[in-house]
Amino acid sequence: MPNSVASQTLFLYSTTVSDVGTVRSNNQDSAFAGEHLIAICDGMGGHAGGDTASTIAIRSLAHIEHDDVNGDVSTVARMMETSVMAAHDAIVGKAKRERKLAGMGTTMTAVALVAGYWVLAHIGDSRAYLLRDGRLTRMTQDHSYVQHLIDTGRISPAEARNHPQRNVVMRVLGDFDIDPHPDIAIRAAHPTDRWMLCSDGLCGVLEDSTIEQTLTAYSDQEECAQQLVSMALKAGSTDNVTAVIADATLALDADAFDLPHQTPLVAGAASASLEPIADILNEPVATAPMLRDANASPAQRAAALIQSQPASQPSPRVAQPSAVREENGERANPDTGEIPVIQKRDGHVTDDPNDPDVAKAIHHERQTQRKETRKRGRRNRLIAILIVIAALALATGGAFGAYRWSQTKYFIGNADGVVAVYQGVNTNVFGLALSHEVKRTNIDIDSLPQAWRDQLQDGITFNSYDEAIQHVQVIRQEKSNFNDNSNTSKSSGDAGNGTSDSSDSSDSSGSNGTDGDSSAGSSQTDGGTADGTADDTGTDASSTGTDGGDAQ
């Protein structure tokens with residue numbers, strides 16, 4: 001792997017857009033868009049857990065933005081892997097200290113530009129796409145259950161889109177007993193390369209062809225990201241949606257004073273705490289642009305472009321590193337217990353706690369705080385009671401709906417040793433059976449093959465009563481075929497026994513002269529039985545031959 005700086009110096013311009021979506025209550029995605037590093041993390045594990053996990057991962061990777069170690073590609077690749085593992089350890093440690101965060105985790109996909117090479121680190125089901133010379137290539141492999149099913153040929157990629165377990169991830173960073181090592185790849189960078197990193201809220205609903213067309217059609221990075229996120233939401237995405245767009249640009253003069261520069265952008269959950277990332281980079285960082293109103297009319301969008309800052313678009317927040325914050329007098333932890341400042345009647349301003357007016361103001365403020373605390377406590381208790389009532393009502397409604405649904409199903413099972421048709425599903429909830437018998441047959445389960453017995457033990461499910469009855473007829477026919485085959489085998493065995501008995505009787509007759517007549521008579525009788533058995537065997541054989549013809 002080359003360790004020298006490439007002859008042509010490439011620069012990276014990037015941006016990111018993230019939206020909470022139309023269903024989720026909070027954004028658990030986090031993204032970073034800088035001059036040397038881009039990253040996307042999709043958190044999981046509850047309202048607080050997903051936010052925390054994805055934020056920890058972004059903070060763990062952020063130092064790579066300026067730690068390029070003189071363009072040593074191999075060193076940066078190892079550094080990225082180490083940073084990912086450090087994020088995993090930090091997430092696990094925090095989950096152990098705060099049990100409410102147990103089970104949290106995050107995916108992670110990151111790309112760094114180092115000395116003319118792309119270094120890619122990936123774990124989870126977020127994706128990285130590379131558009132080069134107008135052709136889109138998916139650069140990551142999902143670490144998901146449905147991808148495993150696709151790789152083993154059990155389902156097709158089209159079936160994976162609607163698979164009920166499409167959100168099951170087999171490898172992530174976090175509080176799970178799974179392999180946290182990321183996939184690392186290195187690829188030569190070309191001028192005009194365009195990367196798109198996204199969470200599964202985007203690639204889970206948009207086809208690769210749509211992504212390729214959009215990346216090609218919109219040269220402006222922010223406009224491209226806005227379009228992709230908007231299209232994913234319009235396509236019905238129920239998850240957080242995040243896109244990171246980054247373009248490789250070739251500087252004509254790498255030694256020029258005014259080189260390309262941008263302020264790193266942070267989006268999603270990680271944007272709630274910019275200061276730690278600014279301290280890591282020791283430079284300012286800003287929040288990423290918000291998703292524009294997709295329902296705005298063309299006239300509204302034109303008016304928004306004319307204005308310096310649309311009213312509906314909040315200004316991005318910029319966080320300075322700690323050294324700058326201290327110079328500006330910004331407090332890292334604002335004091336929430338300041339002494340009130342009082343203006344005396346003579347115009348003098350004081351905050352001396354020994355002054356009677358100040359002491360009176362402190363006493364009044366404390367009383368007000370106690371009243372607010374009591375009022376807040378009563379309000380919280382009332383809210384808690386209402387939540388419990390709503391939860392009970394929801395649980396009751398859910399249970400009733402589940403029972404109504406279960407009664408639309410039927411299954412065939414075992415009822416006191418015979419086959420019976422049941423309405424409902426073959427399970428129970430808290431001891432309450434969700435099925436009842438509607439028809440009992442005279443088919444003895446012990447007379448069926450073992451395979452049928454096993455299926456009936458678990459219950460054979462159908463969507464309607466008619467389907468269940470039709471299957472009962474199939475079982476009855478299988479029972480008949482099974483019994484016919486059993487009789488055939490038994491008859492053949494009886495025929496062999498009859499012949500042996502006849503021979504034994506003949507030997508007995510020859511050896512016993514006194515009882516010769518009786519033995520002979522017995523032998524003759526046995527011989528007749530043997531003949532009769534042979535006839536029966538011939539009949540069965542004929543029947544068996546007919547079945548064989550059918551099989552042919």
Side-chain angles (χ1 to χ4, degrees), residues 1-17 31-40 61-62 64-77 79-80 109-122 126-140 183-198 202-203 208 211-228 242-256 258-267 281 283 288-289:
M1 186 58 58
N3 295 326
S4 61
V5 178
S7 57
Q8 293 181 321
T9 303
L10 294 176
F11 294 88
L12 192 65
Y13 283 108
S14 63
T15 191
T16 177
V17 173
F32 182 91
E35 293 180 302
H36 303 284
L37 173 73
I38 55 175
I40 173 73
L61 290 167
I64 299 173
E65 170 68 10
H66 61 73
D67 288 343
D68 60 1
V69 291
N70 299 321
D72 191 326
V73 180
S74 300
T75 300
V76 172
M79 185 186 300
M80 290 187 74
T109 302
V111 177
L113 175 61
V114 185
Y117 284 86
W118 301 117
V119 181
L120 170 64
H122 167 71
S126 298
R127 291 183 182 176
Y129 292 86
L130 176 61
L131 182 71
R132 175 176 290 178
D133 299 329
R135 180 180 177 184
L136 186 70
T137 303
R138 180 174 150 192
M139 303 298 293
T140 55
D183 295 341
I184 302 292
I186 300 174
R187 180 166 182 159
H190 290 185
T192 73
D193 278 355
R194 166 167 280 193
W195 285 92
M196 195 278 285
L197 312 185
C198 65
L202 190 149
C203 57
D208 288 0
I211 295 174
E212 179 178 354
Q213 181 180 4
T214 307
L215 291 173
T216 305
Y218 293 91
S219 58
D220 182 83
Q221 295 174 330
E222 182 179 343
E223 185 64 27
C224 184
Q226 293 277 351
Q227 288 294 327
L228 286 168
T242 302
V244 181
I245 305 295
D247 293 332
T249 301
L250 181 64
L252 297 179
D253 183 3
D255 298 322
D258 187 17
L259 292 175
H261 177 73
Q262 71 167 69
T263 299
L265 302 177
V266 181
L281 300 180
E283 65 175 290

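Only a predicted model underlies this, so the values are computations on that prediction, with no experimental measurement involved. Position 1 is the first residue of the sequence; numbering continues from there. Note that these values count all heavy atoms, side chains included, but never hydrogens, waters or copies made by symmetry.
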Worksheet item: Between Leu281 and Ala62, what is the shortest heavy-atom contact and its length?
Response: CD2-O, 3.1 Å
Fill in: For Thr15, side chain to side chain donor-acceptor pair (under 3.5 Å) partners two or more places apart
none
Fill in: Side-chain heavy-atom pair Cys224, Arg194 within 4.5 angstrom cut-off
yes
Worksheet entry | Qualifying residues under salt bridge (charged side-chain N to carboxylate O under 4.0 Å, His left out), relative to Glu223, sequence neighbours excluded | Arg292
Worksheet item: Of all heavy-atom pairs between Leu12 and Glu35, which one has the smallest distance, and what is that distance?
Response: CB-O, 2.9 Å
Discussion item. For a quick test of reading the model, state the closest non-hydrogen atom pair linking Val73 to Val114 and the distance between them.
Written reply: CG2-O, 3.7 Å
Practice prompt. Please tell me if the side chains of Ser126 and Thr242 come closer than 4.5 Å, counting only heavy atoms from C-beta onward.
Written response: no
Discussion item. Would the distance check show the side chain of Glu65 and the main-chain N or O of Pro264 forming a donor-acceptor pair, the cut-off being under 3.5 Å?
Written reply: no
Worksheet item: Counting distance only, does the side-chain N/O of Gln262 pair as donor-acceptor with the main-chain N or O of Ser14 below 3.5 Å?
Response: yes
Worksheet item: Among all residues two or more places apart in sequence or in another chain, which pass the salt bridge (charged side-chain N to carboxylate O under 4.0 Å, His left out) test with Arg187?
Response: none
Worksheet item: After noting the C-alpha distance and the side-chain angles of Ile245 and Leu215, does the key distance pass the side chain to side chain contact (heavy atoms under 4.5 Å, CB included) rule?
Response: CA-CA 9 Å; Ile245 305 295; Leu215 291 173; 3.7 Å; yes
Discussion item. Contact between Ile64 and Met80 at the side-chain level, heavy atoms closer than 4.5 Å - yes or no?
Written reply: yes
Worksheet item: Taking only residues two or more places apart in sequence or in another chain, which ones pass side chain to side chain donor-acceptor pair (under 3.5 Å) with Thr16?
Response: none
Discussion item. Checking the side chain of Thr109 only, and the main-chain atoms of His122 only, is there a donor and an acceptor separated by less than 3.5 Å?
Written reply: no
Item to complete: Identify the residue among Asp208, Thr137, Thr140 that makes a side-chain hydrogen bond (donor to acceptor under 3.5 Å, both in side chains) with Tyr129.
Response: Asp208
Fill in: Partners passing salt bridge (charged side-chain N to carboxylate O under 4.0 Å, His left out) against Asp183 (at least two apart in sequence or in another chain)
Arg171
Response to the item:
Those residues at least two apart in sequence (or on a different chain) that pass side chain to side chain donor-acceptor pair (under 3.5 Å) with Trp118 are Asp193
Worksheet item: Do Ile38 and Trp195 have side chains that get closer than 4.5 Å, going by heavy atoms?
Response: yes
Worksheet entry | Contact summary for Ala77 and Val119, nearest pair of heavy atoms | CA-CG1, 3.8 Å
Worksheet item: Is Cys198 close to Ile40 at the side-chain level, that is, under 4.5 Å between some pair of heavy atoms?
Response: no
Worksheet item: Which pair of non-hydrogen atoms, one from Arg127 and one from Cys203, has the smallest distance, and what is that distance?
Response: CD-SG, 3.6 Å
Worksheet entry | Closest approach of Leu37 to Ala110 (non-hydrogen atoms, all atoms of both residues) | CD1-CB, 4.2 Å
